[in-house]
Protein chains: 2
Amino acid sequence: MNVSGRTYPQLALDLQLCFPLYAATRAVTKRYVTLLKGTGLTYPQYLVMLVLWESDEPLSVTSLGQRLRLDSGTLTPLLKRLETAGLVRRDRDPGDERRVLVSLTEEGVAMEEQVSGVPQQLGASMGITRDEALALRDQLTELVDHLDTAESP
Amino acid sequence: MNVSGRTYPQLALDLQLCFPLYAATRAVTKRYVTLLKGTGLTYPQYLVMLVLWESDEPLSVTSLGQRLRLDSGTLTPLLKRLETAGLVRRDRDPGDERRVLVSLTEEGVAMEEQVSGVPQQLGASMGITRDEALALRDQLTELVDHLDTAESP
DNA sequence: CGCTATTAAGTTGTGCGCAATATAGTTGTG
DNA sequence: CACAACTATATTGCGCACAACTTAATAGCG
């Protein structure tokens, strides 16, 4: 149907930002399935590994969650799967038995080298320049910040 | 850890496009939960309704899937929930008994008016201008197109 | 016409996301 | 020290996504 002929033209799928955003995330995730085949990692698991590789020390579930904006309901089972895969350890913090500290195993550390080419491969699939990617990244980061501070109506 | 001190600086979470994209989608989806409260719709269900409101005639599961890039494994249970909610009907196409035609009920048609303010409310939460949103939409659409045609490693 | 290939939808199983809740450990206050 | 408030993680339940597979219907070809 022609958009201009609609009672509520603002509801047209093609005019909205939300749908391309949603579709882009799923397309990127799908691309990661291919790129991460061989590691056994899913995309969210890969993100957790990125955070752990960045850190000099073990991280609690909460700090992982703050970095990735994920809660324990998502992270706990995901971390158990990484533990089963032999990539991380989960140990109670002796100084505070409520906390679980997540640390990399040797195998987990070693995997960093294995995926070091992934960002570049993904960049190639996206068909945009590095500068465009960085600009897009900044716009999306700003969008997230705004949405986080706009909890009211 | 300082990015410049890493063995694989390209793996830094903050330097990559994928994470802001992933976080933005989840933030937008979360915002929709608030905006759609009262309708009983989830965000994917809202997208299906957008496509149906756009269409003059009933749509098959496959055509809905092509429009939203979703397969029957996602759509079939979602459509059953919309049917249970009284918003759509699902009828076998008499001309081709393999196809299921999805059409809006009166209640489903009526809901369009109820959500007509949602796009504008979401726009307000995102803190970007209409033009910025449209530019972002175009960039993301292009990104999806590239990823779709880049299936090979 | 009869048979094979194709197509459409549905089913199954896995892994997120996230709200709501439960449980255990810690902190702060009197 | 007792105990209430708080914090960290885990659990439960629901709804996607999607790969892989199944079932049923149609199309096409000899």
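Quick note on labels: first sequence line is chain A, next is B, and so on, each numbered from 1. A quick note: this is a predicted structure, and the numbers were derived from the prediction, not measured.
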If you check every side-chain atom of A:P44, which of C:dA8, D:dT26, C:dG17 has the closest atom? C:dG17
Spacing of A:L36 atom CG relative to D:dC18 atom P, expressed in whole Å: 16 Å
Nucleotide of C:dC18, D:dT11, D:dC16 approaching B:T42 most closely (side-chain heavy atoms): D:dC16
Strictly by modelled atom types, are B:S125 and B:R31 linked by a side-chain donor-acceptor pair under 3.5 Å? yes
In whole angstrom, give the distance that lies between atom CG of B:L78 and atom C1' of C:dA9. 15 Å
Once you measure the plane-to-plane angle for B:W53 and B:Y46, does it fall in the parallel (<30°), tilted (30-60°) or perpendicular (>60°) bin? perpendicular
B:T76 side chain, from C-beta outward: closest of C:dA9, D:dA19, C:dC16: C:dA9
Which part of the nucleic acid, if any, lies within reach of B:L75 when heavy atoms closer than 4.0 Å are counted: base, sugar-phosphate only, or nothing? nothing
Hey, can you pull the residues of residues 58-72 of chain B with a non-hydrogen atom under 4.0 angstrom from DNA chain C? B:S60, B:V61, B:T62, B:S72
In whole angstroms, how far is the P atom of D:dA27 from the CG atom of B:D96? 6 Å
A:K80 vs C:dC16: side-chain N/O to OP1/OP2 distance below 4.0 Å: no
Please state how far atom CG in A:L79 lies from atom C1' in D:dA8, giving the value in whole angstrom units. 13 Å
Quick one: is D:dC16 close enough that its OP1 or OP2 comes under 4.0 Å of any side-chain N or O from B:R81? yes
Any idea which of C:dG10, C:dG17, D:dA17 is nearest the A:R26 side chain? D:dA17
Distance-only donor-acceptor test, A:R98 side-chain atoms vs D:dT9 base atoms, 3.5 Å: no
Is A:Y43 near enough to C:dG15 that one of its side-chain N or O atoms lies under 4.0 angstrom from OP1 or OP2? no
Respond yes when some side-chain nitrogen or oxygen of A:Y22 is under 4.0 Å from OP1 or OP2 of D:dA17, and no when none is. yes
Sidechain N-carboxylate O distance under 4.0 Å for B:E142, B:R137: no
A:E97 vs A:R92, test: salt bridge (Lys or Arg N to Asp or Glu O under 4.0 Å). Steps then yes/no. CA-CA 6 Å; A:E97 291 279 345; A:R92 287 278 164 190; 5.4 Å; no
Could you give the CZ-to-C1' distance, from A:R90 to D:dA10, as a whole number of Å? 9 Å
Nearest to the side chain of B:Q45 - D:dA10, C:dA9, D:dC16? D:dC16
